[in-house]
Amino acid sequence: MWRKLNILSRFELRQTWDDKMVLFYTLIAPVVFFVITDLSSNGHPFGVHDLASQLLAYWVYIVLVGVLNGFQFTLIGMRESNFLKMFTVIAGDKRLIFFSNLIVQVLFIEVEVFFFDLVVLGLNPASLTLLPMMAGGLLLNVILIPIVVGFTNFLLILPLRVNLVSLITAGYIFVGMFLISPGLGLAPWINEVLAAFNPCSYMIQFYSVGLDILRRVTLLHVGLLTGVAVFYLLIGYYPVRHMKLQSNTNRY
Amino acid sequence: MRIQDFSYQLPDDRILFDHLTADFEPGKVNILLGVNGVGKTTLLDFIAGVSERKGLPFKGFPEMSRIAYQMQGAPFTGSAKVMEAIQMMVNLDQPTADFDSNQLPESLREIANSRFRDLSGGQRRLVILEGICLLQRDLYLFDEPESGLDVKVAAQMMSQITALADKGKTVIMTTHQFRNLPERNVQLLVLAGKCIAFTGTPAKLMAETNTQSLEDAYLKTDS
């Protein structure tokens, strides 16, 4: 089992690395946005006060887009091209394809967040004080990414073409990011409710609690986030077990 | 290996199989014939376990991990190299096997380091077929294996498939080609009218239909 997972992961890592376009939306786009903001704000792209919380929003974007583009679309593409069908028979279990893909994407997203942090450190010397937070963020991502995968696994059972799924996820990302915009000024309790539905709100709260950014972590907070995580890990596993091996949009 | 009294309806409500019963002989090449859309691939999907067969009347078939399934198309991303793809297939089958380029089938040596995107459609199919034949399984499923291959390579592949049966493995394959079909260890199953219309040897089919060629015999049975 572990050997097979290792073989599939190494193969998929080579395939993912070969397709450099995956880095565009998850690394190059946020870096370009950050550089433009940096230049237009005389080296203070985060403002002087909200350095940490603004950085979190970039991480949230990278993780969510990485999970959707790199993980969910890859699996849907594998299903539509019959890769999932053929290699499930060879490997003997479709979960192996799912988890090997997950391992590769966790690694890739971590690398992308790491390089993004390097750019931030290079362009904004004030962010040096955030080094411990950046290291903590990378550690938390190992737990967070599988939870976000659980939030978005519903895509695996939708009988939709890949281009329609990408359209839906573009809207999903926009709404998700919009709901964590500080300009909205949502009451804290609304943000806590949103954490149960919006992966972006969940991630913000997860980082805030995990890195103790707001300095007001309560047991209730931790319990709420753990409950939501357990829920999505369990619910998210259902589509994996029930995901069709054959194309959802063609007979074969 | 037996499918007994199996009925199946497509999502668009068309009935594909109506009380279908089929017997596949172990250690033989079982050739499934039938017109396009008659359900050959659907049947292979059920036999492989790709479509859930739990609770369905499929008796004596091995579990998925003992089956090798070559399906239509070559589902690899363009960046995969031939050697990497074959290595992965063999290693997933025999995780402790140390597969190197010397063990690569003769037909693939020249393209061992080529990427899938640089191969022709026929070459891609050949890679998958060779990879499937390298797996150590009990049951081999081939879905139109000769499709897209040139005459020479198709004949080579067919003799490799026959060799699997000679080693005691069970093969179930679909085809639309009558050229190069194996001559020994063969059983034909004609899928027509939502069920198996004929089961037996090519000689029996020709005798029953009073024809001189297998192609004519098949056409007569199918009509």
Side-chain angles (χ1 to χ4, degrees), chain A residues 1-23 70 73-97 99-101 104 157 159-160 162 240-252, chain B residues 10-12 14 16 36-37 39-42 44-52 62-81 84-97 99 115-117 128 131-132 134-137 139-141 143-144:
Chain A
M1 178 86 169
W2 293 109
R3 268 177 195 266
K4 286 183 180 179
L5 194 62
N6 183 23
I7 291 162
L8 278 166
S9 301
R10 279 188 296 163
F11 182 79
E12 284 180 25
L13 184 63
R14 278 198 296 270
Q15 303 307 302
T16 311
W17 179 243
D18 206 64
D19 183 14
K20 305 287 191 301
M21 269 307 287
V22 296
L23 298 174
F73 285 0
T74 301
L75 270 181
I76 291 169
M78 283 176 169
R79 185 185 66 207
E80 298 303 306
S81 73
N82 271 343
F83 182 98
L84 191 62
K85 186 169 146 179
M86 193 165 107
F87 280 90
T88 294
V89 178
I90 295 177
D93 192 333
K94 67 181 162 191
R95 289 170 301 180
L96 285 168
I97 318 273
F99 286 114
S100 59
N101 200 12
V104 171
I157 45 173
L160 302 171
V162 180
V240 179
R241 276 192 302 163
H242 295 271
M243 174 176 58
K244 273 177 65 184
L245 292 173
Q246 296 104 321
S247 164
N248 247 343
T249 50
N250 290 306
R251 185 165 147 191
Y252 302 119
Chain B
L10 289 169
D12 65 3
R14 273 183 301 145
L16 199 59
N36 290 331
K40 300 184 296 295
T41 303
T42 303
L44 291 186
D45 277 359
F46 275 106
I47 291 170
V50 166
S51 295
E52 186 71 65
E63 60 182 44
M64 187 189 270
S65 61
R66 300 306 312 151
I67 296 174
Y69 186 9
Q70 170 264 320
M71 47 204 67
Q72 294 177 31
F76 269 109
T77 53
S79 57
K81 285 183 180 174
E84 287 171 359
I86 294 286
Q87 233 163 5
M88 184 183 70
M89 289 169 81
V90 172
N91 287 336
L92 280 175
D93 184 53
Q94 308 138 50
T96 52
F99 189 85
R115 293 183 190 278
F116 263 68
R117 61 170 161 253
I128 302 292
I132 292 290
L134 287 169
L135 306 182
Q136 301 296 316
R137 302 287 166 111
L139 173 61
Y140 293 79
L141 307 175
D143 198 357
E144 297 181 19

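A note on names: the letters A, B, ... follow the listed sequences, proteins ahead of strands, and every chain is numbered from 1.
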Task: With B/D143 via salt bridge (charged side-chain N to carboxylate O under 4.0 Å, His left out) - residues at least two apart - done: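 Partners of B/D143 by the salt bridge (charged side-chain N to carboxylate O under 4.0 Å, His left out) criterion come out as none, since no residue qualifies.
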
Open item on the list: Going by salt bridge (charged side-chain N to carboxylate O under 4.0 Å, His left out), name the residues that satisfy it together with A/R10, two or more places apart in sequence or in a different chain.
Closed with: none

Side chain to side chain, [X] and [Y], heavy atoms closer than 4.5 Å:
{"X": "A/K85", "Y": "B/Y69", "result": "yes"}
{"X": "B/M64", "Y": "A/T88", "result": "yes"}
{"X": "A/I90", "Y": "B/R137", "result": "yes"}

TODO: List the atom of B/M71, the atom of A/M86, and the distance in Å for their closest heavy-atom pair.
DONE: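 Result for this residue pair: CE-CA, 3.5 Å.
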
- [ ] Return the minimal non-hydrogen interatomic distance between A/F11 and B/A80, and the atom names on each side.
- [x] CZ-CB, 3.9 Å

TODO: Find the distance between CD1 (A/I97) and CG (B/L92) and round it off to the nearest 0.5 Å.
DONE: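 It is 7.5 Å, given to the nearest 0.5 Å.
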
Open item on the list: Could you check whether atom CZ of A/R95 has more than 12 heavy atoms from other residues, nucleotides or ligands sitting under 6.0 Å from it?
Closed with: no

TODO: Could you check which of A/I7, A/D93, A/L8 has the highest count of heavy-atom pairs closer than 4.5 Å to chain B?
DONE: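 Looking at each option in turn, the highest pair count goes to A/I7.
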
Task: Region of B/R66 in contact with chain A, defined by heavy-atom distances below 4.5 Å - done: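 For B/R66, there is no contact with chain A at all, as no heavy atom is under 4.5 Å.
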
